[in-house]
Amino acid sequence: MSLSEFELIRTYFYGATGERDDVVLGIGDDCALLRPRAGELVAAGMDTLVAGRHFREDVAPETLGHKALAVNLSDLAAVGAEPAWATLSLTLPRADTTWLAAFMQGFSALATAHGVQLVGGDTTRGPLSITVQVQGFVDESAALKRSAGHAGDRLLVSGTLGDAGLALQYAHAGKPVDAELRERLDRPTPRVTLGRLLAGQANAAIDISDGLLADLGHICAGSGTGAHIELDRLPLSAAVRDVAAAGDWSAPLGGGDDYELLFSVDPARLDEIVHLCRSAGERVAEIGELVQADGIKLIGPEECVVEGVPSGFDHFRD
Ligand code: ADP
Ligand code: MG
């Protein structure tokens, strides 16, 4: 079945998500008209997924729809914002209705779970590429930033580290990837609830999209600190623990795509904040601290110092 651009938009995007009171005009006009919340900041973020670069061509479209929104919600979580609106720019090789229906199912299920309304977008023809923009709300005084860490802060991380990176390593090596690891790569859980809890409580925060060391490097650069990481305190799944025990720490330290939150807290408030997170059912682990010295020091089975700020994935570096 071949649909016109307008029919595609009407069929797959109109009413794709629940409706919010603060959307005065949604999909269908030249712009959406949105009512920001008085007294709060609008947090805006955007992420693009390009076929062959950010996802394997064989990934199920439902999974892609989930991931395209999840990575954006993760950015909102990292600043402590409450998600509200999304726009979606889709470049498609052809009007494949089966693909679109499945993609929108994944997108809509996650949007609805977080009370996000799709309010507009753009649909064009070309090599498959997906761009999502999200907006949310956060109190000015509570917004979390990469630059707000202090020497002496304790460092914490949510969930487990390196699962997505290990799944990707296995996939590249042509090894079988078990379902749990693959799920962590394909269907990340944005830590929105945790981000909301941490707003106004934590100091610095970032979501881990490029690997622990690279994203910690951003906190250190922004905050003017170094950091110590205790390797044996890193929260690891059994699969990642086995690989690390054999001496390969590349997945938990350098693997991207985990979308966990890394954050720093005032040491005097550590117990209180950990309790706050855990009593809300959020898994967090203390993994080290921000320090006055430069660089990131890994304290572990074998002590080593990572010179300078380690870099993560960089699109423009070969
Ligand atoms: P215009 O030509 O004025 O930019 P379009 O014809 O591109 O408008 O889009 C018509 C309406 O459909 C607009 O409200 C636009 O935001 C919405 N829209 C188009 N593509 C998408 C999409 N991929 N997701 C959500 N809304 C979309
Ligand atoms: Mg127009």
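Here the structure is a predicted model, which is why all the values come from computation and not from measurement. Both counts, for ligands and for their atoms, begin at 1 and track the order of listing. Numbering starts at 1 and runs along the sequence shown.
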Open item on the list: Out of all atoms in ligand 1, which are within 4.0 Å of some heavy atom of I27? Include the element for each.
Closed with: 12 (O), 14 (O), 17 (C), 25 (C), 26 (N)
TODO: From the options L90, V119, D30, select the one whose nearest heavy atom is closest to atom 1 (P) of ligand 1.
DONE: D30
Task: Ring centre gap for Y12 and W99 strictly below 6.0 Å - done: no
Task: Nearest-option assignment for atom 21 (C) of ligand 1, heavy atoms, candidates L92, L25, D122 - done: D122
- [ ] Indicate yes or no: does an N/O atom of F13 lie under 3.5 Å from an N/O atom of ligand 1?
- [x] no
Open item on the list: Geometry only, no angles: is D29 polar-contacting ligand 1 at N/O separations under 3.5 Å?
Closed with: yes
Task: Contact (N/O only, under 3.5 Å) between G28 and ligand 1 - done: yes
Open item on the list: With rounding to the nearest 0.5 angstrom, report the CD1 to CG distance, I9 to L100.
Closed with: 10.5 Å
Open item on the list: For the backbone of S209 and the side chain of D215, can you confirm whether one donor and one acceptor N or O come within less than 3.5 Å of each other?
Closed with: yes
TODO: Output the list of atoms in ligand 1 that are nearer than 4.0 Å to some heavy atom of T123, sorted by atom number.
DONE: 19 (C), 20 (N), 21 (C), 22 (C), 23 (N)
Task: Side chain, backbone, both or neither: the part of I9 lying under 4.0 Å from ligand 1 by heavy atom - done: side chain
Open item on the list: Ignoring hydrogens and geometry beyond distance, is a side-chain donor-acceptor pair present between T17 and Q117 at under 3.5 Å?
Closed with: no
- [ ] For residues D163 and R184, report the shortest heavy-atom separation together with the two atoms involved.
- [x] OD2-NE, 3.0 Å
Open item on the list: Would you say S89 and D122 are linked by a side-chain donor-acceptor pair, where the criterion is simply a distance under 3.5 Å?
Closed with: no
